[in-house]
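Below you'll find the structure, written out as structure tokens, and then a few comments.
Keep in mind it's a predicted model, so treat the numbers as computed, not measured.
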Amino acid sequence: YAWDNEKGEASYVSGLTGISNPSYQVVSADGKRVYSVGEDDGLTSTVHALSFDKASGKLALMNTQLTQGGAPCYINITPNGKSVITANYVGANISVIPLETSGRLSENVGTIAFEGEGVNKKRQSQPHLHCVEFTPDGKFLLANDLGTDQIHVFPLASDGQLDKEKAFDGALEAGSGP
């Protein structure tokens, strides 16, 4: 949609079909690519790479990969622009998907799994990752876990990859579900 501030109206520009439940998107720093999760349960959950033509306002599907975690509900791009990371709400993990130089998603999908539960058995029976955000200085990834009342902290190594060896957890008040 294009927005006309003077008239206060939106007009349809283009659409894209074939992506199941695209609940969250992130745009690349250059504005030429959009990455979207397909928030389905189980092994059918996906992430999509889309090209975006600013002049025409049109999106085109570049490729799709499985997240290897259920219900991805958040996606982000690493500060160096070389990977996307998804938070998988019912998968109890996050997915790290390298990007090819073209912006397409690599087939080398990696996951980082979490274990545990919280005090509220109705909504904290397992880890529920729902946000992956980088600190403003780009030195850490914060992965919010509603299910275990923790924020998992991953320093970024000099090559921009998550340093799993130096990762730590920040525990929050029981039942707070960050």
Side-chain angles (χ1 to χ4, degrees), residues 13-54 56-115 126-135 138-148 150-165 167:
V13 175
S14 70
L16 182 68
T17 61
I19 295 177
S20 176
N21 203 10
S23 66
Y24 201 86
Q25 294 81 38
V26 64
V27 179
S28 64
D30 63 6
K32 294 180 180 178
R33 290 174 307 285
V34 176
Y35 298 95
S36 178
V37 297
E39 192 176 350
D40 294 319
D41 290 337
L43 299 177
T44 61
S45 297
T46 53
V47 62
H48 309 278
L50 311 165
S51 63
F52 178 63
D53 182 329
K54 289 181 187 181
S56 68
K58 295 192 181 216
L59 291 167
L61 180 63
M62 295 169 62
N63 74 329
T64 298
Q65 293 295 343
L66 296 172
T67 61
Q68 300 177 16
C73 58
Y74 201 95
I75 188 168
N76 214 328
I77 303 171
T78 56
N80 67 6
K82 293 185 178 182
S83 298
V84 294
I85 299 178
T86 67
N88 303 315
Y89 189 78
V90 298
N93 63 9
I94 60 175
S95 300
V96 181
I97 306 165
L99 297 173
E100 298 173 359
T101 55
S102 65
R104 292 172 56 90
L105 301 160
S106 168
E107 293 179 6
N108 300 321
V109 178
T111 61
I112 300 172
F114 303 95
E115 295 179 351
Q126 70 173 47
H128 289 301
L129 284 294
H130 65 94
C131 182
V132 283
E133 193 63 61
F134 292 93
T135 56
K139 293 183 179 180
F140 298 91
L141 172 76
L142 307 176
N144 290 16
D145 188 343
L146 179 146
T148 64
Q150 296 182 69
I151 298 177
H152 308 288
V153 182
F154 294 89
L156 277 97
S158 59
D159 63 358
Q161 298 298 312
L162 301 183
D163 189 339
K164 296 179 224 166
E165 298 297 318

Donor-acceptor pair, R104 side chain versus M62 backbone, under 3.5 Å? yes
Specify whether Y24 and Y74 have parallel, tilted or perpendicular ring planes, treating 30° as the upper limit for parallel and 60° as the lower limit for perpendicular. parallel
Any side-chain to backbone donor/acceptor pair from S45 onto A71? Under 3.5 Å, distance only. yes
Mind checking what makes salt bridge (charged side-chain N to carboxylate O under 4.0 Å, His left out) contact with D159, not counting sequence neighbours? none
Please identify each residue that fulfils side chain to side chain contact (heavy atoms under 4.5 Å, CB included) with S20, with sequence neighbours left out. D40
CG-CG distance between D41 and N88, expressed to the nearest 0.5 angstrom: 11.0 Å
Rounded distance [0.5 Å steps], CD in E100 versus CG in N63: 6.5 Å
List the atom of D30, the atom of K32, and the distance in Å for their closest heavy-atom pair. OD1-N, 2.9 Å
Verify whether one side chain among N80 and T78 offers a donor that lies under 3.5 Å from an acceptor in the other. yes
Over 12 foreign heavy atoms within 6.0 Å of CG, L43: no
At what distance, to the nearest 0.5 angstrom, does CD of E133 lie from CG of L142? 8.0 Å
Could you tell me whether the side chain of D163 and the main chain of P155 form a donor-acceptor pair under 3.5 Å? no
Applying side chain to side chain contact (heavy atoms under 4.5 Å, CB included), run through I75 and T86 and close with a yes or a no. CA-CA 4 Å; I75 188 168; T86 67; 4.0 Å; yes
Could you tell me how the ring of F114 sits relative to the ring of F154: parallel (under 30°), tilted (30 to 60°) or perpendicular (over 60°)? perpendicular
Tell me, with the steps shown, if T67 and V37 meet side chain to side chain contact (heavy atoms under 4.5 Å, CB included). CA-CA 9 Å; T67 61; V37 297; 5.7 Å; no
Can a donor-acceptor pair be found, under 3.5 Å and without considering hydrogens, that links the side chain of H128 to the backbone of Y89? yes
Nearest 0.5 Å please: distance from the CD1 atom of I85 over to the CG atom of L162. 4.5 Å
Could you tell me the separation between the OG1 atom of T111 and the CG atom of L129, rounded to the nearest 0.5 Å? 11.0 Å
Spacing of I77 atom CD1 and K82 atom NZ [to the nearest 0.5 Å]: 14.5 Å
For N21 and S23: C-alpha separation, side-chain torsions, deciding distance, then whether side chain to side chain donor-acceptor pair (under 3.5 Å) applies. CA-CA 6 Å; N21 203 10; S23 66; 5.2 Å; no
Could you walk me through whether V47 and V109 pass side chain to side chain contact (heavy atoms under 4.5 Å, CB included), step by step? CA-CA 11 Å; V47 62; V109 178; over 6 Å; no
Is there a donor-acceptor contact under 3.5 Å from the side chain of Q126 to the main chain of V90? yes
Under a 4.5 Å cut-off applied to non-hydrogen side-chain atoms, are Q161 and S83 in contact? yes
Tell me, do L50 and I19 make a side-chain contact under 4.5 Å, heavy atoms counted? yes
So, N93 side chain and Q68 main chain: donor-acceptor pair closer than 3.5 Å or not? yes
